[in-house]
Amino acid sequence: MTTPAPDSPDLPPAPPAGVSPRTLAVSAGRPARVPGGSLNPPLVLTSTFVSQGAPAPGEHLYGRIDTPAWEPFEDALAALERTDHATTARRVDGPPATVFASGMAAIDAVVALVPLGGRVVVPRHAYQVTLVLLREQAERGLLRVDAVDVADTDAVVAAVRGQGEPAAMLWLESPTNPMLEVADVPALVAAAHDVGAIVVVDNTFATPLMQRPLALGADVVVHSVTKYLAGHSDVVLGATVTDDDDLHARIVAHRTTHGAIAGPFEVWLALRGLRTLALRVERAQANAGELARRLATHADVVEVRYPGLPQDPGHARAAAQMDGFGAVIGLRPVGGPAGADALVDAVSLWVPATSLGGVESTLERRRRFSTESPTVPEDLVRLSVGIEDVEDLWRDLDAALGAARRTTRT
């Protein structure tokens, strides 16, 4: 197998350094520019590859190990996550991303980096299945878990340092799911690295357009590709990104051995979705900001959580370390849990559904799941704001809030 020279036209073009993440979402992961060549990567459907003798480095062998079907998406996501937050200069070094069959498959592979019996510090409010996985592994004696208020920097630092036994891993979400708390990522990364802990950031809510944890010092970034990156509620995928060659090799080895591999067609769809990431996120975020402002003064609302609101506890921190505030809102309507359920029942345009990050607007009462953190309020409704006309979304939500109030007061 002959490796082309670095300036060969047969190599995929590298987007120029200094372009914004919005441009990278469109331009990264393209095929080589050759006359008559395809603009988009082909969909490669094969389980095995022609091979004989000792495999050469980079040679494709078998679909569970590696496939060109993954590579364009993995290259594009890595390019997005390696864009420096402050300068938009792109760091071109480092391994590609690693795509998985689901977000939980990616999370499981990263948790496997914790040594036997090691301690993981995790937000008390985080994606519920992440917490379930950690609890299950703790019950089996594989690791230990300390859950903390991630917005309380001093408490997180103390937990990471421990009582003479530092944490092996600090797991962060910022903003958190579903409470939208914002962590001081740079400060927590520094504290964790002081004790030799691996720092992981689930960047699903923020996406690389609003936050690049690697540029903030994190070791591994995790995504549920199902959400904003793919963006159309039609695939289930996950991914990790790291700058560390050893961590990358261990994550890839876990995927290969445990078989949590992504289907070629799903990854092809995710890359197609990634091309419109900036447009979708910018529209959804603009909608969310407007809805949050209106909800904050609504007579039928008890509390709104959205980092873009100046009065939100996480606003100043989010403004300092993010390029935007996202498209997820936490809402507590009047009437308690009954009012929350009545709100979900009363909408007609909003879709009652779990998951988030699609083009459509969805909502759900999070404590309907028995596995949700017990400190999440029973009446919290998580809104995932989509790209519909904001006035249509507001009319539906406003009418449903009124209907919920009347239902709970009868």
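Everything quoted here is computed from the prediction, not taken from an experiment.
- Residues Val220 and Leu214 share a closest heavy-atom pair of N-CD2, 4.4 Å.
- Remark: the backbone N or O of Ala187 is not paired with any side-chain donor or acceptor of Thr153 at under 3.5 angstrom.
- Between the side chain of Ser102 and the backbone N or O of Ala105, at least one donor-acceptor pair lies under 3.5 Å.
- Closest non-hydrogen pair, Gly63 versus Phe49, comes out as N-CE1, 4.3 Å.
- His193 places no side-chain N or O within donor-acceptor distance of the main-chain N or O of Ala191, the cut-off being under 3.5 Å.
- For the residue pair Ser361 / Glu388, a side-chain donor-acceptor distance below 3.5 Å is found, with atom types taken as modelled.
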Applying side-chain hydrogen bond (donor to acceptor under 3.5 Å, both in side chains), run through Thr204 and Asp202 and close with a yes or a no. CA-CA 6 Å; Thr204 299; Asp202 186 328; 2.7 Å; yes
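- Checking side-chain atoms of Thr257 against main-chain N and O of Ala253 turns up a donor-acceptor pair under 3.5 Å.
- Between atom CG of residue Asp154 and atom CG of residue Asp184 there is a gap of 10.0 Å, rounded to the nearest 0.5 Å.
- The environment of Glu391 atom CD is dense: over 12 non-hydrogen atoms of other residues, nucleotides or ligands sit within 6.0 angstrom.
- More than 12 heavy atoms of other residues, nucleotides or ligands lie within 6.0 Å of CZ in Arg275, so this atom counts as buried by the packing criterion.
- For the residue pair Glu173 / Asn203, no side-chain donor-acceptor distance below 3.5 Å is found, with atom types taken as modelled.
- Atom CZ of Phe265 has 12 or fewer neighbouring heavy atoms from other residues, nucleotides or ligands inside a 6.0 Å radius.
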*asked:* Let's go through Leu216 and Gln211 carefully: what are the C-alpha distance in whole Å and the side-chain angles of both, what is the deciding distance for side chain to side chain contact (heavy atoms under 4.5 Å, CB included) to 0.1 Å, and is it a yes or a no?
replied: CA-CA 9 Å; Leu216 299 176; Gln211 179 172 262; 4.3 Å; yes
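- From Arg161, atom CZ reaches atom CG of Asp194 across 7.0 Å, with rounding to the nearest 0.5 Å.
- Shown here for Asp245 and Pro95, the closest heavy-atom pair between the two residues is OD1-CD, 3.5 Å.
- Arg305 is not listed as a side-chain neighbour of Arg332, based on a closest heavy-atom distance of 4.5 Å or more.
- With hydrogens and angles ignored, the 3.5 Å screen pairs a side-chain donor or acceptor of Asp219 with a backbone N or O of Val199.
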CA sep, side-chain torsions, deciding dist, call: Leu343, Leu397, side chain to side chain contact (heavy atoms under 4.5 Å, CB included)
CA-CA 8 Å; Leu343 168 64; Leu397 194 58; 4.2 Å; yes
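- Ion pairing between a basic and an acidic side chain is recognised when a charged N comes within 4.0 Å of a carboxylate O; Glu282 and Arg22 show such pairing.
- With respect to Glu378 and Arg366, no salt bridge is recorded, no charged nitrogen being found less than 4.0 Å from a carboxylate O.
- Atom OG1 of Thr242 and atom CG of Leu247 lie 4.5 Å apart (nearest 0.5 Å).
- Note on Arg368 versus Glu364: salt bridge recorded, some NZ/NE/NH1/NH2 to OD/OE distance being below 4.0 Å.
- Between the Asp146 side chain and the Val121 main chain, no donor and acceptor come within less than 3.5 Å of each other.
- Between Glu136 and Arg140 there is no salt bridge, since none of the side-chain N atoms of the basic residue sits less than 4.0 Å from a carboxylate O of the acidic one.
- The main-chain N or O of Gly386 is never found under 3.5 Å from a side-chain atom of Arg283 such that the two would form a donor-acceptor pair.
- Between Thr362 and Trp350, every side-chain heavy-atom pair lies at or beyond the 4.5 Å cut-off.
- Side-chain contact check for Leu43 versus Pro264: some heavy-atom pair is nearer than 4.5 Å.
- Using a 4.0 Å cut-off between charged nitrogen and carboxylate oxygen, Arg365 and Asp379 do not count as a salt-bridge pair.
- Side-chain contact annotation: Glu59 with Ser51, donor-acceptor N/O pair under 3.5 Å present.
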Checklist line | side chain to side chain contact (heavy atoms under 4.5 Å, CB included) between His254 and Asp108, worked out | finding: CA-CA 9 Å; His254 187 279; Asp108 182 63; 3.2 Å; yes
Test log, rule salt bridge (charged side-chain N to carboxylate O under 4.0 Å, His left out), inputs Arg212 and Asp323: CA-CA 9 Å; Arg212 272 80 66 193; Asp323 290 334; 3.0 Å; yes
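- Here Ile198 contributes atom CD1 and Leu170 contributes atom CG; the two are 11.0 Å apart, rounded to the nearest 0.5 Å.
- Ion pairing between a basic and an acidic side chain is recognised when a charged N comes within 4.0 Å of a carboxylate O; Glu360 and Arg280 show no such pairing.
- A salt bridge does not link Glu71 to Arg30: none of the charged nitrogens lies less than 4.0 Å from a carboxylate oxygen.
- The shortest distance between side-chain heavy atoms of Leu229 and Leu77 falls below 4.5 Å.
- Within the 4.5 Å cutoff, the side chain of Val347 has heavy atoms near those of the Leu363 side chain.
- More than 12 heavy atoms of other residues, nucleotides or ligands lie within 6.0 Å of CZ in Arg144, so this atom counts as buried by the packing criterion.
- Atom OG1 of Thr207 and atom OH of Tyr228 lie 8.5 Å apart (nearest 0.5 Å).
- By the 4.5 Å heavy-atom criterion applied to side chains, Thr240 and Ile107 are not counted as neighbours.
- The closest donor-acceptor contact from the side chain of Ser174 to the backbone of Ala183 lies under 3.5 Å.
- When ring centroids are compared, His298 and Trp394 come within the 6.0 Å threshold.
- Put simply, CG on Leu309 and CZ on Phe325 are 9.5 Å apart, with the number rounded to the nearest 0.5 Å.
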**Request:** Determine, step by step, whether Thr226 and Val235 satisfy the side chain to side chain contact (heavy atoms under 4.5 Å, CB included) criterion, reporting the C-alpha distance in whole Å, the side-chain angles of both residues, the deciding distance to 0.1 Å, and the verdict.
**Result:** CA-CA 6 Å; Thr226 308; Val235 300; 5.6 Å; no
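- A donor and an acceptor atom, one from each side chain of Asn177 and His125, are nowhere located under 3.5 Å apart.
- Contact annotation: the side chain of Thr46 approaches that of Val44 to within less than 4.5 Å [non-hydrogen atoms, C-beta and beyond].
- Under a 3.5 Å cut-off, the side chain of Arg382 and the backbone N or O of Ile329 do not form any donor-acceptor pair.
- Of all heavy-atom pairs between Gln321 and Pro186, the closest is OE1-CD, 3.3 Å.
- The minimum heavy-atom distance linking Leu131 with Arg124 is given by the pair CD1-O, 3.7 Å.
- Contact annotation: the side chain of Leu80 approaches that of Leu274 to within less than 4.5 Å [non-hydrogen atoms, C-beta and beyond].
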- request: Go through the steps to decide whether His248 and Asp243 satisfy the test side-chain hydrogen bond (donor to acceptor under 3.5 Å, both in side chains), and finish with yes or no.
  value: CA-CA 8 Å; His248 177 256; Asp243 279 341; over 6 Å; no
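- For the pair Ala340 and Val381, the tightest heavy-atom approach, listed with the atom from each and the gap, is CB-CG2, 3.6 Å.
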